[in-house]
Structures are given as structure tokens and as C-alpha cells.
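First the structure, in the form of C-alpha cells, and then the observations on it.
These numbers were taken from a predicted model, which means no experiment stands behind them. Below, chains carry the letters A, B, ... as their sequence lines are ordered, and counting in each starts from 1.
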Protein chains: 2
Amino acid sequence: MDIFVRYLEKVRTFAPEKVEMFSKACEYGIRASIYIAEKSLLDKRVSLKEVAQAINSPEAYTSKILQQLSRSAIINSDKGPTGGFSMDKYMLNNVKLSMIVSAIDGDEIYKGCALGLEKCNEKMPCPLHDQFKSIREDLKRMLETTTVKSLSLNLEKGLTFLKR
Amino acid sequence: MDIFVRYLEKVRTFAPEKVEMFSKACEYGIRASIYIAEKSLLDKRVSLKEVAQAINSPEAYTSKILQQLSRSAIINSDKGPTGGFSMDKYMLNNVKLSMIVSAIDGDEIYKGCALGLEKCNEKMPCPLHDQFKSIREDLKRMLETTTVKSLSLNLEKGLTFLKR
DNA sequence: AAAATAATGGATATTTTTGTCCGCTATTTG
DNA sequence: CAAATAGCGGACAAAAATATCCATTATTTT
């Protein structure tokens, strides 16, 4: 058994430790947005510290991501005492997940080739082009139709969770 | 215009440059497997150099990935002159994409939580749990049902491409 | 048996992503 | 207008992914 474990450890020395759908930055960005939206529904601003605690993320790194979302006009940020992050009524009703993802990760996940080929298209498809077509389209449609508001409402109702 | 370009450059200094579905290692691994399978259908072994050229990947890095696939018993490797990589008849008929992906990237893409939460499940779902359910299932099903052989046949027919 | 060939394994280097630190700026409150 | 608060921006640090180098091992050919 011990030998087996060591073997497996050795086997994975060069390969990625974890591969997920979005980057960590994007995961934090989505979680933070949902939390900020939830509080904005109650007309509350939230500080960086509060956000980081609520979504269990590193504070300084989260700060960078919120800056990015703020520059992308998805959230508002205000300095000084009583300052913090918020989402205005218009954004609350209109921000889709796709906007957050493209502000942080870009559009590669559902636009790029699954095998990383630069020139992969209908005329010159990679071997997985057809197989991925519907999956990418579904992902795209889902991100473009899901509003942050709807997600924050479920969160507020205690139906979903942002931590751990 | 110049100012605009500089602004955009600055804005993305902290975020990922590119986020794709699979790791680079896995992309190379899938492409290499399809190429090796194509040649194995003609009872030909291929060298590392030939593989790297065919799929346009860094040779030394590709070597590591082929080692991993070899250790995972997905491909065979033989040393010495006339040596190289190949896939035996049994593997040719049975290897699914899912086997290559889990040998390199693991199962996180379709098993893990889209928002990176460790304990995300039906009882305690993240805000995107339901939205991602069918997408992850579709991805899983596709990877588990697509054979490398079928992909290599399309490649041989000139219907698909592995480069650029 | 020697030479040539091709993969292997370990060490190391580079690049990207993730994460931290800290002085600065803007805003509010007293 | 001074003090306190909270985000901003730039530099820096750590960790992970990607990539390279080279000596060694196994195999085949001569």
C-alpha cells in the first residue's frame, strides 16, 4: 500500500494539480459578485474584509478582483468611511454571469478550441470540434442568461452557499 | 487609440491570460494520443520527435506527457532503434477521451464544483450547482463515450486537423 | 561486443497564476 | 481641518504550470 501511494505521487509530478472550469480569480469574482448583489438588494454596502470573509477568499487578492469588476463597471466602489462595494439597481437587474467571466477570464472557455488550436473552425476543425460544439454553446447560453440577481436571491433564501 | 490599448493592457495585469477547458498538458496528451492512434491503425510506431512535429508541441514537455500516458497503460513505449510510441489493438478499440483526461488532468473538470467549493453537493449546493449540472454531465458523457479511435479515423480521412 | 537509436528520469529554468505588502488617495466624521 | 476609514495601485513574493537539458538505460543493428 505504501509503495502504491508513493508510486501514484511520483506519477503526478509533472502534471497539473487541479484543473477547473474557471480560474481561481474568476471563481472569487463570481462568488463576490453574488454576495455583493445579495447585500445590495437590502441597500447595504459591503467592505472588502466582509466580502473576503463571506466567500472565504484571500483578502488582498480579492481586492484586485473587485478592482477589476469595478473598472468593468459591474460593481461600484466607494472610498472612505461608510464606503465599500455595491451594485446599483440597474446592474442588479442586468448583470449576467457572462459579464463577470469575460471581465476576468475572457471568452476563451466557450469561444476557444478545446484542444488549444489557434485556427480551429468549421472549415478546419480540430478532432473534438463537433463533440464540443453543443457543450460550449450550452455553457455560453447558461452564462449569458443567468443573472447574478437570481443567484443572490437563492443565496438569501438559504437555498445555496458561498463558503467551504 | 494608443492610450486605449495601454489602458486595456494595464487593466488585465493581474488576471489569467488564457483560461481553457483543459490544461496545456492535457491538450497535448489528447492530440498526441489521436496521432499515435492514427499511426497505430496502420501498424506504425512513432517517435517522440514525430509526435511533437505532428501536433506542434514542445518536444521535451511532450515527452513527459507521453511517459504519463505510458505509465497509465494507455499507450505503449519501446526503447531503442525502431522504438517509439504506439497503441495496441485492445487500447485502440477501448480508449475513451475520459481516460486520457483523468490520466493527466484528473476528474475535477466534471466532478468538481464550478465555484471551487470543497463541499458543494445536492444538500449544500453552491449558487451555480444546478446551472452546471447538465453541462458537467454532458461533458462527462461525451468524454466517456468518445473513442480515440473514432477521432483518429476522422483525422486520417482529412476531416479534422491537429496543428496550428 | 560496439555503435547507434530512442525513451526515461532527475534536475533545473521560465512563465503564469495566485497571493501579499504597503504607502497613497479619496471620503466621511468630529 | 484633523483623524479615521476604506479602496487603489504598484512592487514584490510564493506557488503552480509549462518547458528544457542532459546523463542514463534499454534495445537493435552492425
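For the pair B/F85 CZ and C/dA6 P, the interatomic distance rounds to 12 Å; values are reported in whole Å. The CD-C1' distance, from A/Q68 to D/dG7, rounds to 15 Å in whole Å. Going from atom CD of B/E20 over to atom C1' of C/dT16 covers 14 Å, rounded to whole Å. Atom OH of B/Y61 and atom P of C/dT8 are 16 Å apart (whole Å). Atom CD in B/Q67 sits about 16 Å away from atom P in D/dA19, given to the nearest Å. To the nearest angstrom, C1' of C/dT8 lies 13 Å from CD1 of B/I75. Between A/L66 atom CG and D/dC8 atom P there is a gap of 8 Å when expressed in whole angstrom units. The distance between atom CZ of A/F22 and atom C1' of C/dT17, rounded to the nearest whole Å, is 17 Å.
One donor-acceptor pair, N or O on each side, does fall under 3.5 Å between the base of D/dG10 and the side chain of A/K64.
As judged by a 4.0 angstrom heavy-atom cut-off over every strand, A/S63 is placed among residues making no nucleic acid contact.
Legend: residues meeting side-chain hydrogen bond (donor to acceptor under 3.5 Å, both in side chains) with A/E27, ordered by chain and number and at least two apart, are A/K24. A/F161 pairs by the ring pair (Phe, Tyr, Trp, His ring centres under 6.0 Å) definition with nothing, not counting sequence neighbours. By the side chain to side chain contact (heavy atoms under 4.5 Å, CB included) test, B/K133 is found to be paired with B/E122, B/E137, residues two or more places apart in sequence or in another chain being considered. Partners of A/S98 by side-chain hydrogen bond (donor to acceptor under 3.5 Å, both in side chains), not counting sequence neighbours: none found. For A/Y110, there are no ring pair (Phe, Tyr, Trp, His ring centres under 6.0 Å) partners at least two apart in sequence or on another chain. Here A/N121 pairs with A/K123, A/M124 under the side chain to side chain contact (heavy atoms under 4.5 Å, CB included) rule; sequence neighbours left out. Residues that satisfy the side-chain hydrogen bond (donor to acceptor under 3.5 Å, both in side chains) test with B/S57, not counting sequence neighbours, are B/T62. B/T147 is linked by a side-chain hydrogen bond (donor to acceptor under 3.5 Å, both in side chains) to B/S150, counting only residues two or more places apart in sequence or in another chain.
Dashed line: the shortest gap from a side-chain N or O of B/R71 to OP1 or OP2 of C/dT8 is not under 4.0 Å.
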Could you tabulate the donor-acceptor pairs under 3.5 Å formed by side-chain atoms of residues 84-93 of chain B, not counting sequence neighbours?
residue	atom	partner	partner atom	Å
B/D88	OD1	B/Y90	N	3.2
B/D88	OD1	B/M91	N	2.8
B/N93	OD1	B/K149	NZ	2.6
B/N93	ND2	B/K89	O	3.2

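Judged purely by distance below 3.5 Å, without hydrogens or angles, the side chains of A/D105 and A/S23 pair a donor atom with an acceptor atom.
The stretch residues 47-60 of chain A touches DNA chain D through A/S47, A/L48, each having a heavy atom under 4.0 angstrom from the strand. Within residues 31-40 of chain A, no residue has a heavy atom under 4.0 Å from DNA chain D.
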Under the side-chain contact (heavy atoms from CB on, under 4.5 Å) rule, what do A/K163 and B/L117 come out as? Steps first, then yes or no, please.
CA-CA 7 Å; A/K163 270 200 195 178; B/L117 303 187; 5.9 Å; no

Using a 4.0 Å cut-off on protein heavy atoms (strictly under), produce a 5'-to-3' string for nucleotides 25-30 of chain D with B for base contact, S for backbone-only sugar-phosphate contact, and - for none.
BBBBS-

